[in-house]
Amino acid sequence: MRISELERRTGVSQRLLRYYEEQGLLRPKRLPSGYRVYAEDDVTTVEHIRNLLAAGLSTTTIADLLPCMGSAGGQLIADCPELLLDLQRERARLSAAIAELTTARGTLDQVIATAPPSVEHEAARLRGLGLQDSA
């Protein structure tokens with residue numbers, strides 16, 4: 001299939017698909033004319049790439065992991081021990097980031113709770129005017 005068909009089937013822009021190719025995530029065949037030709041499996045690969053990106057992995061990490069990943073029923077499978085170690089390390093990194101963000105949110109909640117009613121009222125008025133983002 002051509003890149004426009006892959007775009008239609010995955011919802012991922014052609015520009016982003018070409019970026020995935022540059023990063024070594026996709027390897028389409030090339031026609032003598034230079035046009036890219038994608039296989040049916042590339043639809044699933046793009047879906048996996050999107051899921052791994054959403055999980056917080058970088059394209060560099062994904063490029064290292066994809067060759068060691070299998071798929072069953074559309075679900076990714078860790079097919080080798082090295083992959084499992086990498087995924088566990090990424091999960092630990094995400095857990096640490098979540099803990100830091102949770103602490104930061106708690107600090108903000110404490111500061112917000114100290115605002116007197118007059119300040120809360122004025123903030124609500126400003127929010128209503130669209131002068132500040134709402135929480």
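Below, each value reflects all heavy atoms present in this structure, side chains not excepted, and no hydrogens, waters or symmetry copies. Here the structure is a predicted model, which is why all the values come from computation and not from measurement.
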side-chain contact (heavy atoms from CB on, under 4.5 Å) partner of Leu25, the single match among Glu22, Gln23, Arg27: Gln23
Using the side-chain contact (heavy atoms from CB on, under 4.5 Å) rule, pick out the option among Thr102, Leu108, Leu101 that qualifies with Arg105. Thr102
Within this structure, what is the OG1-CG distance for the pair Thr10 and Leu16, rounded to the nearest 0.5 Å? 8.5 Å
Quick one: CG on Asp79 to CG on Leu65, what's the gap to the nearest 0.5 Å? 12.0 Å
Kindly indicate whether the side chain of Glu90, heavy atoms from C-beta on, has any atom under 4.5 Å from the side chain of Asp86. no
I'd like to check Ile62 versus His48 (side-chain heavy atoms, cut-off strictly below 4.5 Å). Are they in contact? no
Report the distance from atom CG of Leu26 to atom OH of Tyr38, rounding to the nearest 0.5 Å. 6.0 Å
Quick one: are Asp42 and Tyr20 in side-chain contact, heavy atoms under 4.5 Å? no
Run the salt-bridge test on Glu21 and Arg30 with the 4.0 Å N-O cut-off and return the result as yes or no. yes
Answer yes or no: is there a side-chain heavy-atom contact under 4.5 Å between Leu6 and Val12? no
Rounding to 0.5 Å, atoms CD (Glu47) and CZ (Arg9) come to a distance of 9.0 Å
Distance-only, no hydrogens or angles: does the Asp64 side chain make a donor-acceptor pair with backbone N or O of Thr61 under 3.5 Å? no
Does the side chain of Thr59 reach to within under 4.5 Å of the side chain of Tyr19, using non-hydrogen atoms? yes
For a quick test of reading the model, state the closest non-hydrogen atom pair linking Gly56 to Leu94 and the distance between them. CA-CD2, 4.4 Å
Considering only heavy atoms from C-beta outward, does the side chain of Arg8 approach that of Ser4 to under 4.5 Å? no
Is Glu7 close to Leu17 at the side-chain level, that is, under 4.5 Å between some pair of heavy atoms? yes
Tell me which one of Arg2, Arg18, Gln14 satisfies side-chain contact (heavy atoms from CB on, under 4.5 Å) with Arg36. Arg18
Group every Ile, Leu, Val, Met, Phe, Trp and Tyr by side-chain heavy-atom contacts under 4.5 Å, then state whether Val37 and Val43 land in the same group. no
Below 4.5 Å, heavy atoms only, C-beta onward: do Arg125 and Leu129 meet side chain to side chain? yes
